Q: 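The structure that follows is given in the form of C-alpha cells.
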Amino acid sequence: MEEITKEVVPLTEAFYEQPTLELAKALLGCLLVRESTEGMAAGYIVESEAYIGPEDRATHSFNNKRTARTEIMFHHSGLAYTYLMHTHCLFNVVSGGEEKPEAILIRALEPVYGIDLMRKRRGIEDLTKLTNGPGKLIKSLAITMGDYGCSMTKPPLYIAKGFCPESISAGKRIGIDNSGEARDYPWRFWVTNNKFVSRHQKSELVFFQNPPGRADSSLLPGGFIHLT
DNA sequence: AGCAAGATTAGCT
DNA sequence: GCTAATCTTGCTA
C-alpha cells in the first residue's frame, strides 16, 4: 500500500480544462481514488456521461438555472458536484470552466484497490456488482454530499492516470427520458466490452484511440466513427 | 407550508 | 420488466 500511494499522483487542473465531451472520454481508464481513515479505495473509470450546460435539457443547469444545488457547476473545472437522487448520492466532475455550467457524471468503475473495503461498505461480495452504477460506486468509495465542491486535484478524493482504453463506445444517456430532444444525444461513454459498465446498450458510435489502419483524417468530427 | 419530480437500486414476478 | 423505497430540492402559494 505504501508503494501504491507513491505512484498514484492526482491529475492537475489543466487536465480538466478540455472540452466536456473530450474530458468525458479522457476520464475513461483514469483511476478514481478515495482515501479515508478506513483505508484507500480506488477504481478505473469505465463509464461516464456528459451534461452540457444551458442548452442541454437533461442538465440540471439547463437555461442557466442557478440554485444552491447547481451552484458548483458554475465554478471552475475539476471540482466535485454531488447531488441526491432518490436514496442515493451521485458523483460528477465539474467541467466547462467558470460560468459554463457543465459536468460529467461518473457512472461505473472497475474496482482496483481496497476491494475488501468496498465489499464491506456495500455489504455484498460479487465483484462485478460492486461499482457498476453511479449510486453503487459512491457507496463503495464512501463519497457523500460532504464532498460537494471539493477539488479533484488533491486527496482525499482525486483522479489519477490509469490505463488507455483501446476503444470507447458511445450511446444515449441513461434515465433522462423526460428531457425532450436531449434524450437522444450520444453523450454516454464507456470502455468497449468492459464488464463493469452499469448497463449494456447498443453502441451508436465508437472512438478508437489508435484506429487500426486509419489515419486521423478518416475520423468524423469529434473523433467518432459511425457504426450505422 | 405543501407538493411533485427525480442523471437510482434492489428485489420480486 | 415493474415497483417500492425514501427524501431533498425547487417551485408555487
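Keep in mind that what you see is a predicted model, and the values were worked out from it rather than measured. Every chain is numbered from 1 and lettered A, B, ... according to where its sequence line falls, protein lines coming before strand lines.
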Q: Is it the case that atom CG in A:Asn193 sees more than 12 heavy atoms from other parts of the structure closer than 6.0 Å?
A: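 Check fails, neighbour count at 12 or below.
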Q: Any cation-pi pair here, A:Lys100 with A:Phe74, using under 6.0 Å and within 45°?
A: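 No, cation not above the ring by the 6.0 Å, 45° rule.
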Q: Could you give the CG-to-P distance, from A:Asp177 to C:dC2, as a whole number of Å?
A: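 It works out to 13 Å between those atoms.
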Q: Using heavy atoms to find the nearest nucleotide of DNA chain B for A:Tyr51 and A:Ile124 separately, return the residue whose nucleotide is more 5′.
A: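 Taking each residue's closest nucleotide, the earlier one in sequence belongs to A:Tyr51.
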Q: With A:Phe189 as reference, evaluate A:Val46, A:Leu27, A:Ile168 under the side chain to side chain contact (heavy atoms under 4.5 Å, CB included) test and give the passing residue.
A: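 Between A:Phe189 and the candidates, side chain to side chain contact (heavy atoms under 4.5 Å, CB included) is satisfied uniquely by A:Ile168.
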Q: Measure across A:Leu130 and A:Arg122 and return the closest heavy-atom pair with its distance rounded to 0.1 Å.
A: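 That closest heavy-atom pairing would be O-NE, 3.0 Å.
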Q: Please confirm whether the ring centroid of A:His60 lies under 6.0 Å from the ring centroid of A:Tyr51.
A: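 No.
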Q: Could you check whether A:Arg107 makes a cation-pi contact with A:Phe91, meaning its NZ or CZ is under 6.0 Å from the centre of the six-membered ring and within 45° of the ring axis?
A: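 No.
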Q: Select from A:Lys136 and A:Arg69 the residue whose nearest nucleotide in DNA chain B is closer to the 5' end of that strand.
A: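 In this pair, the answer is A:Arg69.
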Q: How close do A:Arg121 and A:Ser36 get, heavy atom to heavy atom, and via which atoms?
A: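 Heavy-atom minimum between the residues: NH2-OG, 3.1 Å.
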Q: Which whole-number value in Å describes the distance from A:Tyr148 OH to C:dT9 P?
A: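 After rounding, the gap between these two atoms is 10 Å.
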Q: What parts of residues 81-99 of chain A reach DNA chain B, counting only heavy atoms under 4.0 Å away?
A: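 Within residues 81-99 of chain A, the residues near DNA chain B are A:Tyr83, A:Met85, A:His86, A:His88, A:Leu90, A:Asn92.
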Q: What is the pairing partner of B:dA4, taking Watson-Crick or G-U wobble pairs with both distances under 3.5 Å in any strand?
A: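 Its partner is C:dT9 (Watson-Crick or G-U wobble, both distances under 3.5 Å).
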Q: Can you tell me the Watson-Crick or wobble partner of B:dC12, both distances under 3.5 angstrom?
A: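 The answer is C:dG1, by the H-bond criterion.
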Q: Can you spot which of A:Ile106, A:Val191, A:Val197, A:Leu105 makes a side chain to side chain contact (heavy atoms under 4.5 Å, CB included) with A:Glu47?
A: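 Result: among A:Ile106, A:Val191, A:Val197, A:Leu105, A:Val197 is the only option passing the side chain to side chain contact (heavy atoms under 4.5 Å, CB included) with A:Glu47.
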Q: Using chain A heavy atoms and a threshold of under 4.0 Å, write down where along DNA chain B the contacts begin and end, 5' to 3'.
A: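 Going 5' to 3' along DNA chain B, contacts run B:dG6 to B:dA10.
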Q: Could you check whether A:Arg199 gets within reach of a base, just the sugar-phosphate, or nothing at all, counting any heavy atom under 4.0 Å?
A: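 Nothing: the residue A:Arg199, judged by heavy atoms under 4.0 Å, touches no strand.
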